[in-house]
Number of protein chains: 2
Amino acid sequence: MSVQERKQRERADRERLIVATARELAEQQGWDAVTTRRLAERIEYSQPVLYSHFRGKREIIGAVALEGAADLAAAVRAAVAPADGPRARVGALAGAYLDFAERNPAVYDAMFQLEGGLAFAQEDTPEQLKDAFAALLETLGEVAGDGIHPGVFTEVFWASLHGLATLTRAGRLPREYTEQRLDLLVDRLSSI
Amino acid sequence: MSVQERKQRERADRERLIVATARELAEQQGWDAVTTRRLAERIEYSQPVLYSHFRGKREIIGAVALEGAADLAAAVRAAVAPADGPRARVGALAGAYLDFAERNPAVYDAMFQLEGGLAFAQEDTPEQLKDAFAALLETLGEVAGDGIHPGVFTEVFWASLHGLATLTRAGRLPREYTEQRLDLLVDRLSSI
DNA sequence: TCGATTGTCTAGCAGTGCTAGGGTCGACTC
DNA sequence: GAGTCGACCCTAGCACTGCTAGACAATCGA
């Protein structure tokens, strides 16, 4: 029995290695550079090994996305915790979100730009994604305002942050007024 | 001389054909299906012909994006024109924007998601892109509010719309409350 | 009519995601 | 401890991608 257990453990370790390596490589050189060959070489196994863990590249991206969602949730909660008052919390949340997107562009892409084969806003949505949304809802629900569904408000706020994050990173928005834009968004959207 | 002119005209025609075909194919089957071989086959020329018009696939995507930007600007202006009052105009603009993204997903991707090798928010930004932003600015500048730079306000509003458009289309936001989200965004962001 | 130039096509390169098949090595059975 | 068996991994290869070199033909100017 213990032999099987060891094997399972080793398999799990290797799976984590694959995901971590994919993430690292993507952050270093972009997702285009994450080819199955390069990834296999980095983990020092042959290509087909990847396919014994994941159905294909998409699933690997999906695994990185799930990891990222957990990280994002943690980052947001950590930033919000020390802030006093709803307004400060929302500001901290927004800042932490954009900061995460900026510092982890590849992971952010895996979550929201690339096709990772993940289900969103459905019953079979992975726990990490639900929890990331919950992390936003916890703080943003406070400032939704009367008669506004907290979930819908959170979706709108999230979408706005997402728009700022992606357009800024893609060079569609000049980096100059990042802070003004963020302040404007927080001030206007929140029901004080 | 007129022979040269005819040739130039034919070349320009073919270039338009390439862009139109790429756009059509992308809307029909997604950008993944737009391979140089398939595109060449559809225009009934061999692959290398594409490279005598464009440096590569990226530039073709860029050309589609420019066309799309002109269309988007026109759509927004057409929707805004008949509306009375700033609030109605902003609502019409937002609706038209999301509608465009929904109806022309491939073109929208070419503009804002894919790498088309275009310069944004810079001096050498193509006229069509500047004009598309101007179309937004014309209406949104009205509701920026005192002490808020109209350009920055437009950027924020645009980013929010962009976020809603992309997250909705990628299945990240359920389609149910699309309208509520839009109303909320317009009501809160605009300075009445 | 003949050379030159322009234009287009065939063929091929290096790289992609993914998979079939053969071998090897380790784990159980007697 | 020896033999069998099965899990595991790797080599090799498929069909495809974007892109390009070089051969060839059609057209132009003299």
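No hydrogens, no waters, no symmetry mates; every other heavy atom, side chains included, goes into these values.
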Roughly, in whole Å, what's the span from [atom1] in [X] to [atom2] in [N]?
X	N	atom1	atom2	result
B:Leu39	D:dC19	CG	P	12 Å
B:Leu50	D:dC19	CG	C1'	11 Å
A:Tyr51	C:dT16	OH	P	11 Å
A:Gln29	C:dT16	CD	P	12 Å
A:Glu15	D:dC9	CD	P	13 Å
B:Tyr45	C:dT6	OH	P	18 Å
A:His53	D:dC8	NE2	C1'	11 Å
A:Lys57	C:dC18	NZ	P	8 Å

Discussion item. Once you apply a heavy-atom cut-off of 4.0 Å, does B:Arg38 come out as touching a base, just sugar-phosphate, or nothing?
Written reply: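 Sugar-phosphate only.
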Discussion item. Once you apply a heavy-atom cut-off of 4.0 Å, does B:Ser46 come out as touching a base, just sugar-phosphate, or nothing?
Written reply: base
Fill in: Salt-bridge present (A:Arg23, A:Asp71; N to O < 4.0 Å)
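Yes, charged N to carboxylate O under 4.0 Å.
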Fill in: A:Gln47 (side chain) and D:dC10 (base): donor-acceptor pair under 3.5 Å
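Answer is no: no donor-acceptor pair is held.
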Practice prompt. Indicate, yes or no, whether a donor-acceptor pair under 3.5 Å links the base of D:dG18 to the side chain of B:Arg37.
Written response: yes
Does a nitrogen or oxygen in the side chain of [X] sit under 4.0 Å from OP1 or OP2 of [N]?
X	N	result
B:Arg14	C:dG7	no
A:Thr36	C:dC18	no
A:Arg11	D:dC8	no

Worksheet item: Under the criterion salt bridge (charged side-chain N to carboxylate O under 4.0 Å, His left out), which of B:Arg11, B:Arg9, B:Arg16 is the partner of B:Asp13?
Response: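 One option only clears the test, and that one is B:Arg16.
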Item to complete: Measure from NZ or CZ of B:Arg14 to the centre of the six-membered ring of B:Tyr45 and say whether it is under 6.0 Å with the direction within 45° of the ring axis.
Response: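 Yes.
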Response to the item:
CD of A:Glu155 to CD of B:Glu176, rounded to nearest 0.5 Å, is 9.0 Å
Practice prompt. I would like to know whether A:Leu72 and A:Val107 meet side chain to side chain contact (heavy atoms under 4.5 Å, CB included); could you show each step before the answer?
Written response: CA-CA 10 Å; A:Leu72 175 59; A:Val107 173; over 6 Å; no
Worksheet entry | 5' priority, DNA chain C, between A:Pro48 and A:Thr35 [closest heavy atom] |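 First, find each residue's nearest nucleotide; the 5'-ward one identifies A:Thr35.
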